[in-house]
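Have a look at the structure below before the remarks.
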Amino acid sequence: MKVVIIGGVAGGATAAARIRRLDEKAEITVFERSGFISYANCGLPYYIGGVIEDADELTLQTPESFYNRFRVNMKVHHEVTAINADRKTVTVKNLESGEVFEEVYDKLLLSPGAKPIKPNFDGINSDKIFTLRTVEDTLKIKNYATEQKPKSAVVVGGGFIGIEVAENLRELGLAVTLVEAADQLMAPFDSDMAAFIHAEVRKNGVGLMLGHFVEGFADTDDRIDVRLKDAPTLHADMVVMAIGVAPETTLAKNAGLELGIKGSIVVNDKMETSVPDIYAVGDAVQIKNFVTDIDTLISLAGPANKQGRIAADNICGGDSHYSGGQGSSIIKIFDMTAAATGINGKTAKALGINFDKVILSPMSHAGYYPGGKVMTMKVLFEKDTYRLLGAQIVGFDGVDKRIDVIATAIRAGMKAYDLAELDLAYAPPYSSAKDPVNMAGFMIENIKNGVVKQWYYEDTESLQKNEDVTRLDTRTPMEYSRGHVDGFINIPVDELRERIDELPKSKPVYIICQSGLRSYIATRILMGNGFDAYNFTGGFRFYDTVHNDKALNKKSTPCGMDN
């Protein structure tokens, strides 16, 4: 069997190695347009900032090492220019010599990945504008920073790459402004959880220009102008475009393969395309969202690796199936970690899913053990069925553990209240006897059993205008004096029983505290005394972060630049 693979990195290289392990006699050839066949794509921004010091560390395998281990012919600087499905060949151009030839295949695997979106703006071809997708891109940015010594940069795009590049340019000492057309960074997160990300980015000196559209660029002597819609022009020494990626599917389109969302390649759960003996994996393919069962695109290394393995199994006569992706992801943002899995509230609402949520701020480990850090968790579930839909977590320690537990629970089909029953490891340096994931389960279980009713940040404005409700803050007078929601009276929870007559029983009571625990206790006290009581999910700490972020977003300013 002769297998040809177009593209290396996550999907293609994984498939090549798996095919060899399954079939020692197969003839395997990989054509890679760049000079690198297997590299740490997710590590590229950290070489720019100097966290990864040796460029060789980015290369996981060389063509020579891959051949020595797996006897796979790795042809770098070879671009496949056409797929000739009728005669089962591909047309290849050697980019070094210019030679053009045809290669025969029995099975063909496409792993072309995705390309950075680069709009046709005025001035887009300036040599001061960069994108980041390959090792070559990384070296180009690093060399520019080393040789030209820029003092300022504009990063366009607030997703994974944009934030990581902004952070690493700040590590080099540049003044950095991040411009994002949406009103928040990190689309996988709801806007309330993104508020914590914004706060961390701002704390580290990155200027945020949210809700601003770039209209074009212009070179000015040794600098570059970034023209914005409805905002002053920014002046910087360099620009990095990171507004997203698009499936690289020109070959597939020209070969007549069925295409889907944004021109992606349609595959079945065996990673087979619409043309016999042609498979496709990675960022270029359309897959099913595991939570919604709706077609989607997920450009992440984890799914690409899994798909490469599954395609390899089926190429070798196996029967492996890909059950879809749920977008589990994590990012380092200076000292903070932010992670998500499943769908967020925006997506659930757009799909018409009747959902609820709990928001909590537990410690990363036992409070009495030194070094614990607060994290904020948001867990979404479908009302009535209590199907887990997704989760978002931001914090400084232990975030990765909790998001992986919830991601596993989603994959296992657990109900949201089943999180309470998970038997998770505990020792004071690592967790609490009631792990944060268990705590989320307890809260959802209380909702299910009618033990507590909730109110949410988005209810605040209407509550402040409603004279037919009681608004109660159960923190200490000192906490209350440092900041509170307008219109909320203060009765500390420990005084509530003695002062309960101050509250009219005819009105529903909406309660808040710092984290949600004391207000929950107050809710139970009031409900036990015949009140209709509602607990604020998230606590004042959550409210204050979201409220302040909304105010700051209205007056977004660049950082350290003339404009």
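These numbers come from the heavy atoms of this one structure, side chains and all, not from hydrogens, waters or symmetry mates. Throughout, residue positions are numbered sequentially from 1 according to the sequence presented.
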| field | Residue of the set N446, T537, N535 for which side chain to side chain donor-acceptor pair (under 3.5 Å) holds with Y520 | value |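 Of N446, T537, N535, side chain to side chain donor-acceptor pair (under 3.5 Å) with Y520 is met by N446 alone.
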
| query | For R18 and D313, what are the C-alpha separation, side-chain angles and deciding distance, and is it a salt bridge (charged side-chain N to carboxylate O under 4.0 Å, His left out)? | reply | CA-CA 8 Å; R18 177 68 172 173; D313 287 353; 2.7 Å; yes

| said: The criterion is salt bridge (Lys or Arg N to Asp or Glu O under 4.0 Å); which residues satisfy it with R411, sequence neighbours excluded? | reply: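 Salt bridge (Lys or Arg N to Asp or Glu O under 4.0 Å) check on R411 returns nothing, list empty.
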
| request: Could you pull out all residues at least two apart from D230 that satisfy salt bridge (Lys or Arg N to Asp or Glu O under 4.0 Å)? | output: none

If you define the side chain from C-beta out and look only at heavy atoms, does anything of [X] sit under 4.5 Å from [Y]?
| X | Y | value |
| --- | --- | --- |
| N438 | L424 | yes |
| V179 | L228 | yes |
| T177 | V206 | no |
| Y279 | I315 | yes |
| V546 | M193 | no |

Which distance, rounded to the nearest 0.5 Å, do you find between the [atom1] of [X] and the [atom2] of [Y]?
| X | Y | atom1 | atom2 | value |
| --- | --- | --- | --- | --- |
| M377 | M443 | CE | CE | 9.5 Å |
| R524 | L496 | CZ | CG | 13.0 Å |
| T337 | D397 | OG1 | CG | 8.0 Å |
| R133 | M241 | CZ | CE | 15.0 Å |

Which heavy atom in [X] sits nearest to a heavy atom in [Y], and how many Å separate them?
| X | Y | value |
| --- | --- | --- |
| F160 | P188 | CE1-CG, 4.3 Å |
| G308 | V281 | N-CG1, 3.9 Å |
| A338 | I333 | CB-CD1, 4.0 Å |
| L109 | A15 | CD2-CB, 3.2 Å |
| I403 | A391 | CD1-O, 3.7 Å |
| L185 | A194 | O-CB, 3.8 Å |

| Can you list the steps and then say if D356 with Q454 is a side-chain contact (heavy atoms from CB on, under 4.5 Å)? | CA-CA 10 Å; D356 203 351; Q454 297 189 129; 3.8 Å; yes

| field | Mutual orientation of the aromatic rings belonging to F542 and F536 [parallel < 30°, tilted 30-60°, perpendicular > 60°] | value |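 Answer is tilted, since the angle falls between 30° and 60°.
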
| task | Take the angle between the ring planes of Y543 and H547 and call it parallel below 30°, perpendicular above 60°, tilted in between. | result | parallel

| task | Using the salt bridge (charged side-chain N to carboxylate O under 4.0 Å, His left out) rule, take R202 and D549 through it: C-alpha gap first, then chi angles, then the decisive distance, then the call. | result | CA-CA 10 Å; R202 289 188 176 107; D549 181 65; 3.0 Å; yes

Side chains of [X] and [Y]: donor-acceptor distance under 3.5 Å anywhere?
| X | Y | result |
| --- | --- | --- |
| R541 | T376 | yes |
| Q514 | R475 | yes |
| S320 | N314 | no |

Please check: side-chain N/O of [X] versus main-chain N/O of [Y], any donor-acceptor pairing under 3.5 Å?
| X | Y | result |
| --- | --- | --- |
| S264 | V285 | no |
| W455 | I511 | yes |
| Q184 | M186 | yes |
| T134 | D137 | yes |

| task | Could you list all the ring pair (Phe, Tyr, Trp, His ring centres under 6.0 Å) pairs where at least one residue sits in residues 327-347, not counting sequence neighbours? | result | none

| query | Tell me, which pairs form a ring pair (Phe, Tyr, Trp, His ring centres under 6.0 Å) where one or both residues lie in residues 377-408, sequence neighbours left out? | reply |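 Every ring pair (Phe, Tyr, Trp, His ring centres under 6.0 Å) pair that includes a residue of residues 377-408, provided the two are not neighbours, is F381-Y386, Y386-Y417.
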
| task | Please lay out, stage by stage, how T474 and I512 fare under the test side-chain contact (heavy atoms from CB on, under 4.5 Å). | result | CA-CA 6 Å; T474 60; I512 193 171; over 6 Å; no

What do you reckon, is [atom1] of [X] surrounded by more than 12 foreign heavy atoms closer than 6.0 Å?
| X | atom1 | value |
| --- | --- | --- |
| K118 | NZ | yes |
| K262 | NZ | no |
| D423 | CG | no |
| K550 | NZ | no |

| said: As a quick check of understanding, evaluate side-chain contact (heavy atoms from CB on, under 4.5 Å) for S431 and R402, giving each step before the final call. | reply: CA-CA 10 Å; S431 184; R402 275 70 189 208; 3.2 Å; yes

| task | Can you sort out the partners of F531 under ring pair (Phe, Tyr, Trp, His ring centres under 6.0 Å), two or more places apart, ordered by chain and number? | result |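 F531 satisfies ring pair (Phe, Tyr, Trp, His ring centres under 6.0 Å) with no other residue.
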
Validation: residues 291-302 side-chain donor-acceptor distances under 3.5 Å, sequence neighbours left out:
residue, atom, partner, partner atom, Å
T292, OG1, I294, N, 3.2
D295, OD1, K288, NZ, 3.0
D295, OD2, Q286, NE2, 3.2

| said: Before you tell me yes or no, could you show the steps for T341 and Q326 under side chain to side chain donor-acceptor pair (under 3.5 Å), namely the whole-Å CA-CA distance, both residues' side-chain angles and the distance that decides it to 0.1 Å? | reply: CA-CA 6 Å; T341 188; Q326 61 198 64; 3.1 Å; yes

| Working for side-chain contact (heavy atoms from CB on, under 4.5 Å), residues M414 and T408 | CA-CA 9 Å; M414 295 175 62; T408 303; over 6 Å; no

| message | Test of understanding: with side chain to side chain donor-acceptor pair (under 3.5 Å), list the residues that count as partners of E479, not counting sequence neighbours. | response |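 Listed in chain order: T476, R518.
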
| note | Sorted by chain and residue number, the side chain to side chain donor-acceptor pair (under 3.5 Å) partners of T545 (sequence neighbours excluded) come out as none

| said: Any carboxylate oxygen within less than 4.0 angstrom of a Lys/Arg side-chain nitrogen, looking at D319 and K270? | reply: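 Yes, this pair counts.
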
| request: Determine, for R471 against D486, whether the closest basic-nitrogen to carboxylate-oxygen distance falls under 4.0 angstrom. | output: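 Not counted as a salt bridge, because no side-chain N and carboxylate O are separated by less than 4.0 Å.
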
| Can you pull the side-chain hydrogen bond (donor to acceptor under 3.5 Å, both in side chains) pairs that have at least one residue in residues 162-171, sequence neighbours excluded? | E167-K332

| task | Only counting residues at least two apart or in another chain, list the ones meeting side chain to side chain contact (heavy atoms under 4.5 Å, CB included) with E421. | result | E445

| How about H484 and Y480: are their ring centroids closer than 6.0 Å? |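 Yes, the ring of H484 comes within the 6.0 Å limit of the ring of Y480, centre to centre.
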
| said: According to salt bridge (Lys or Arg N to Asp or Glu O under 4.0 Å), does anything in residues 456-465 pair up with another residue at least two apart or in another chain? List the pairs. | reply: K357-E458, E461-K465

| task | Sort and list the pairs that fulfil salt bridge (Lys or Arg N to Asp or Glu O under 4.0 Å) and have at least one residue in residues 363-379, not counting sequence neighbours. | result | D190-K378, D192-K378

